[in-house]
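In what follows, every heavy atom counts, from backbone to side chain, and hydrogens, waters and symmetry copies are set aside.
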Amino acid sequence: MTPVHFSFSSAFMLGLMGLTFHRTHLLSALLCLEGMMLSLFIALSLWSLQLESTTYAAAPMLLLAFSACEAGAGLALLVATTRTHGTDHLQNLNLLQC
């Protein structure tokens with residue numbers, strides 16, 4: 001495994017571990033998800049550059065567009081949760097109660 005592949009896989013795993021072990025605030029969970037998406041974007045961009053093919057050139061931009069939509073929806077949920085519950089702690093949120 002090259003150092004470049006190791007750094008991107010470790011960045012993805014760091015985001016995944018932050019998402020699984022440090023789930024106190026909704027904002028920290030969203031930041032971990034965004035870090036995972038950015039590491040996937042960079043890895044997919046480098047993969048399409050290494051293949052030197054134009055058929056995979058649009059895939060990183062599509063992933064970046066989905067990541068932007070995910071970030072917008074996550075921030076909208078963060079604002080709505082903070083307005084209704086007064087906090088963004090994930091332990092205080094109960095999905096069975098509205």
Side-chain angles (χ1 to χ4, degrees):
M1 180 178 280
T2 64
V4 175
H5 288 102
F6 177 72
S7 64
F8 293 128
S9 63
S10 64
F12 182 80
M13 291 304 293
L14 186 66
L16 186 64
M17 285 176 31
L19 186 63
T20 55
F21 295 129
H22 189 66
R23 294 182 299 183
T24 56
H25 293 279
L26 182 60
L27 184 61
S28 65
L30 289 174
L31 283 174
C32 288
L33 280 174
E34 198 64 32
M36 289 169 60
M37 289 299 286
L38 285 176
S39 67
L40 283 177
F41 168 71
I42 293 172
L44 192 60
S45 298
L46 287 178
W47 180 65
S48 65
L49 283 175
Q50 284 177 353
L51 287 180
E52 296 177 357
S53 176
T54 59
T55 58
Y56 298 112
M61 297 310 273
L62 187 65
L63 182 71
L64 192 62
F66 283 135
S67 177
C69 292
E70 176 255 334
L75 287 177
L77 284 173
L78 177 69
V79 168
T81 301
T82 306
R83 284 185 181 172
T84 57
H85 295 288
T87 184
D88 69 332
H89 287 277
L90 291 177
Q91 283 80 19
N92 294 340
L93 300 178
N94 190 358
L95 295 178
L96 298 177
Q97 297 175 353
C98 289

In terms of hydrophobic clustering (I, L, V, M, F, W, Y; side-chain heavy atoms under 4.5 Å; direct or indirect links), are L51 and V4 co-clustered?
yes
State, to 0.1 Å, how close L27 and D88 come at their nearest heavy-atom pair, and which atoms those are.
N-OD2, 3.6 Å
Within this structure, what is the CG-CE distance for the pair L64 and M37, rounded to the nearest 0.5 Å?
8.5 Å
One pair to check against side chain to side chain contact (heavy atoms under 4.5 Å, CB included): E34 and E70. What are the steps and the verdict?
CA-CA 8 Å; E34 198 64 32; E70 176 255 334; 3.2 Å; yes
Take S28 and H25 through the side chain to side chain donor-acceptor pair (under 3.5 Å) test and state the conclusion after the steps.
CA-CA 5 Å; S28 65; H25 293 279; over 6 Å; no
For the student: nearest non-hydrogen atoms of F41 and M61, plus distance
CE1-N, 4.5 Å
Determine the minimum heavy-atom distance between C32 and G15, stating which atoms define it.
CB-O, 3.5 Å
L31, I42: one ILVMFWY side-chain cluster at the under-4.5 Å cut-off?
no
So, S67 side chain and L63 main chain: donor-acceptor pair closer than 3.5 Å or not?
no
Closest heavy-atom pair, T82 versus L78, reported as atoms and distance to 0.1 Å, is OG1-O, 2.7 Å
Yes or no on side chain to side chain contact (heavy atoms under 4.5 Å, CB included) for T81 and R83, after CA distance, side-chain angles and deciding distance?
CA-CA 5 Å; T81 301; R83 284 185 181 172; over 6 Å; no
Stepwise side chain to side chain contact (heavy atoms under 4.5 Å, CB included) test for W47 and L44
CA-CA 5 Å; W47 180 65; L44 192 60; 3.7 Å; yes
Looking at CG of L19 and CG of L33, how far apart are the two atoms once the value is rounded to the nearest 0.5 Å?
5.0 Å
With a 4.5 Å cut-off on side-chain heavy atoms, are F8 and L40 touching?
no
